[in-house]
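Step one of this worksheet: look at the structure below.
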Amino acid sequence: MTTLANSRRSLSLPVRLVSRWGIRFVWLSYACFLFIMTHAPIPKQIASVTSGWDKPLHLGAYFGLAVLTAIVCLKPDPYRLSHRFIIPLLMVFAALDEILQGPVGRHPDFIDWCSDCLGIVLGMGLMQLAIWNLNNPKWLTGIPILNRFVPISMNGESRGFAR
C-alpha cells in the first residue's frame, strides 16, 4: 500500500527541498500579506462594495491560512504534539490581527475573530481529513460509487483503476 510518507521518500532530495522550502515561503508570504491587508486603510468605494461580505472574506482568508499551515506543519500522525498547538496558535494570530487593527484606524470586531476561527477550524479539519485519507486509502473501497477511483493496486491486484 502506498502511503504519503512512502510517496515523499520516492522524490529526489532537490525536489523535496525545493517543494518544502517553496511551500514554506508561500505560507509565510500569505500570512504577511493577510496581516498587511487587514491593517491597510480601505478606500470608501471598496468598503461600500465589500461591507456585506466582510465575514465570508475573513472566513475564506483564514481558511486559506489554515490550509497552508496544515501543509507546512501537519504530519501523518494525528497524535503528534504539534497538532494540538496549531489551531490555538492560529487563533491567537487572528486575535492579535483583530486587536491591532484599532491603532491603525480600522475597527476590531469580535464577530470577525469568530469568523476567522471558523475558517481556521474548517481548514485544519479539511486538511487533517485529507492527510488521513492519503494514509488510509482503503476506506474508499467500501463506498461503491468511489470504487472506480481507487487504484486496483490498493486492492491487491495489478496496476490500473477498478471498473
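Keep in mind that this is a model prediction, so the values were computed, not measured.
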Response to the item:
Here the pair of heavy atoms bringing D112 nearest to D54 is OD1-OD2, 2.8 Å

Worksheet item: In terms of hydrophobic clustering (I, L, V, M, F, W, Y; side-chain heavy atoms under 4.5 Å; direct or indirect links), are V26 and I86 co-clustered?
Response: yes

Worksheet item: Would you find a donor on one side and an acceptor on the other, under 3.5 Å apart, between the side chain of S115 and the backbone of H58?
Response: no

Worksheet item: Who else is in the cluster with F25 when I, L, V, M, F, W and Y are joined by side-chain contacts under 4.5 Å?
Response: none

Using atom types as modelled, flag every donor-acceptor pair under 3.5 Å from a side chain in residues 94-104 to any protein atom, sequence neighbours excluded.
| residue | atom | partner | partner atom | Å |
| --- | --- | --- | --- | --- |
| D97 | OD1 | T38 | OG1 | 2.6 |
| D97 | OD1 | H39 | ND1 | 3.4 |
| D97 | OD2 | T38 | OG1 | 3.2 |
| D97 | OD2 | Y62 | OH | 2.6 |
| E98 | OE1 | D109 | N | 3.2 |
| Q101 | NE2 | T38 | O | 3.4 |

Worksheet item: How long is the gap from SG on C73 to CE on M124, to the nearest 0.5 Å?
Response: 7.5 Å

Worksheet item: Is S29 close to F33 at the side-chain level, that is, under 4.5 Å between some pair of heavy atoms?
Response: no

Worksheet entry | Pair F110 and W113, ring centroids less than 6.0 Å apart | yes

Fill in: Closest heavy-atom pair and its distance - I120, A66
O-CB, 3.5 Å

Item to complete: Report the C-alpha distance between W27 and L65 in whole Å, list the side-chain angles of each, state the deciding distance to 0.1 Å, and finish with yes or no for side chain to side chain contact (heavy atoms under 4.5 Å, CB included).
Response: CA-CA 7 Å; W27 169 72; L65 181 64; 4.0 Å; yes

Worksheet item: Would you say T69 and L90 make side-chain contact, with heavy atoms under 4.5 Å?
Response: yes

Worksheet item: Hey, quick one: are I23 and Y30 part of the same hydrophobic cluster, counting side-chain heavy atoms closer than 4.5 Å, chains of contacts allowed?
Response: yes

Worksheet entry | Minimum-distance pair of heavy atoms, taken over all atoms of F63 and L126 | CZ-CD2, 3.6 Å

